[in-house]
Protein chains: 2
Amino acid sequence: MDSESEIEEAVELLKQMGLKEYEARCFVALTRLSGGTAKEVSEVSDVPRTRVYDAVRVLETEGLVEVQHSNPRVFRAISVGEAVDTLLDRFELKTEKLGETLRGLGSATPDEDAEVRHEVWTLADGRAIANRTYRLIDDADREVALVVDSEAFKDGKLVESLSSALDRGVEVFVGTAEEDLRDDIRENLPEAEVFVSHVEALTDPSNFPEDDTRITRMVLIDGETFLVSSFRDTGGGGSDEHAVFGKGFNNGLVALMRRLVSDSLQTGSDD
Amino acid sequence: MDSESEIEEAVELLKQMGLKEYEARCFVALTRLSGGTAKEVSEVSDVPRTRVYDAVRVLETEGLVEVQHSNPRVFRAISVGEAVDTLLDRFELKTEKLGETLRGLGSATPDEDAEVRHEVWTLADGRAIANRTYRLIDDADREVALVVDSEAFKDGKLVESLSSALDRGVEVFVGTAEEDLRDDIRENLPEAEVFVSHVEALTDPSNFPEDDTRITRMVLIDGETFLVSSFRDTGGGGSDEHAVFGKGFNNGLVALMRRLVSDSLQTGSDD
DNA sequence: ATCTGTTGTGATTAAACGGGTTACACGGAT
DNA sequence: ATCCGTGTAACCCGTTTAATCACAACAGAT
């Protein structure tokens, strides 16, 4: 029975969602059992029996477990579907409230010059980078140039952002090194220009076999904001995605990106 | 000002979403500030300044904060909208996985993270940039690839650094877009390889007449450190020179530079 | 150059928390 | 009564986290 590791994963996830170890273990045990007493739960979960009561009490107040007040007490977990929904709902509420609260805070900015001529920022975490990409595209005024690998293009939201940009009248150029991905793009974004030339060759891993850092995205917005994200598969499951993100017309890197892209469009245009 | 309790609430929510106290306080502070240094964050958040760095580092890896690697460092929170989206996305992923795991009893799971840090710095002021360039070249172990315009090459110290690198046995590649400068280089650095191909075309202003930002230097050291400097002639006598400078093998920009240069050397080699 | 205040890192201390154990009181069954 | 399973509560101890301190690197001023 290899369910050991599965159990651990579930416990880990539950802990990340705010449960304590005992609570998580008890909950997992209770979903495996159809229901059970403290003793049974203890045996299945390896939580000391005397602590099952505390753990379950918490789970009860969180609405994840039902209690039958008999003697001995019998506990039962709500269904997995319900549990997932409940957790998600609760979290959504929290994020909403957080959003409101944060927005409502007066800006404590001491005093600043708003004008930023030259900035380069780094950003980690794949999701955050993806979100930033959408937002950049959403804020584009005139032009979006984008080079992606298949991984990055799979994301539905990206296509969505791009087509809404097209609807706004923004010019969209998309490049990729992957043959079949180009057809995908043409199909999903008929109005966008698909191009191919040296820029996206830079993102093709097969051109650089000894280099284990993949370039997953290159974006240039209105010729004055860029984002380059890269990805490296670190041995263990740890994904290591980073982005560098810069803006300002006089930023050298922005200029560089501008030239790379303009080069590419001149030379390669449509394929 | 009753924002006190509001702040408390936001912090509390963030903690419930998995952040530590310091992390939460720093994040809230950063959303109130448009951006700030460790000192400013410390003042607003009441987190000891020396601990702000750690907290922000975590926030960065979670994708909630962007870091500008200048000196002093400047931190900036991603927008509230992005933050909420990111947190929600992440949580959704977890619930999905949890649902699967709990329902089925199938596959295994490893665990994570080996960590490699990347950095990107910005640097202003021509002299500081020049000095940094020398230092980078002086520290090179194997290889220096350099693209310059005439302005930057005039500097005697640059030639000095380069020849001492050559003496150390470091391979030196120099590219430039300017015809007569190439002869200069061959004369002064007979041992260096002078090349010409697309990379330095990017620095040729005549290729980009509408773009008033000149790229004055591009340096790549040992394939893992780069520097790009640019220059813009601001109307009033103010010279406006900036550089972006990054290192770390897993840094996407470094990878990009690496590829640009390797491309160039393959295609163009010596003229 | 030297001096001075600031910035970033690392080590260290102290308190809080959570996991694990033990003591014990209660109630029903024998 | 005694015995056993149940439920409560107190405690111990290792880990984590908040908080402080010492210090090297650096920038800017003199």
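Keep in mind that the numbers below use all heavy atoms, side chains included, and drop hydrogens, waters and symmetry copies. Within every chain, numbering begins at 1; the chains are lettered A, B, ... in the order of the sequence lines, protein sequences first and strands thereafter.
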Q: Give the nucleotide from the list C:dT7, D:dT6, D:dA9 with an atom nearest to the side chain of A:K39.
A: D:dT6

Q) Nearest of C:dG20, C:dT22, D:dG7 to any side-chain atom of A:Y22? A) C:dG20

In whole angstrom, what separates [X]'s [atom1] from [N]'s [atom2]?
| X | N | atom1 | atom2 | result |
| --- | --- | --- | --- | --- |
| B:Y53 | C:dT9 | OH | C1' | 9 Å |
| A:K15 | C:dC17 | NZ | P | 17 Å |
| A:E23 | C:dG19 | CD | C1' | 12 Å |
| A:D54 | C:dG19 | CG | C1' | 11 Å |
| B:Q68 | C:dG8 | CD | P | 12 Å |
| B:E40 | C:dG8 | CD | P | 11 Å |
| B:K20 | D:dT16 | NZ | P | 9 Å |

Q. Do the ring planes of A:Y53 and A:F75 sit parallel (below 30°), tilted (30 to 60°) or perpendicular (above 60°)?
A. perpendicular

Q | SB check B:R142 B:E171 (cutoff 4.0 Å) | A | no

Q. If you measure from the Lys or Arg side-chain nitrogens to the Asp or Glu carboxylate oxygens, is any gap between A:R127 and B:E82 under 4.0 Å?
A. no

Q | Earlier contact from the 5' end, DNA chain D, for A:F75 and A:R51 | A | A:F75

Q.
At 4.0 Å (heavy atoms only), tell me whether B:P48 reaches a base, stays on the sugar-phosphate, or touches nothing.
A. base

Q) Is a donor-acceptor pair below 3.5 Å formed from side chain A:R49 to base D:dG7, judging by atom type as modelled? A) yes

Q | Presence of donor-acceptor pair under 3.5 Å, side chain of A:T37 and base of D:dT6 | A | no

Q: Check whether any side-chain heavy atom of B:I215 sits under 4.5 Å from a side-chain heavy atom of B:S229, and report yes or no.
A: no

(Q) If you assign A:E21 and B:P72 each to the DNA chain C nucleotide with the nearest heavy atom, which residue ends up on the more 5' nucleotide? (A) B:P72

Q) Between CG of B:L98 and CZ of B:R103, what distance do you get to the nearest 0.5 Å? A) 9.0 Å

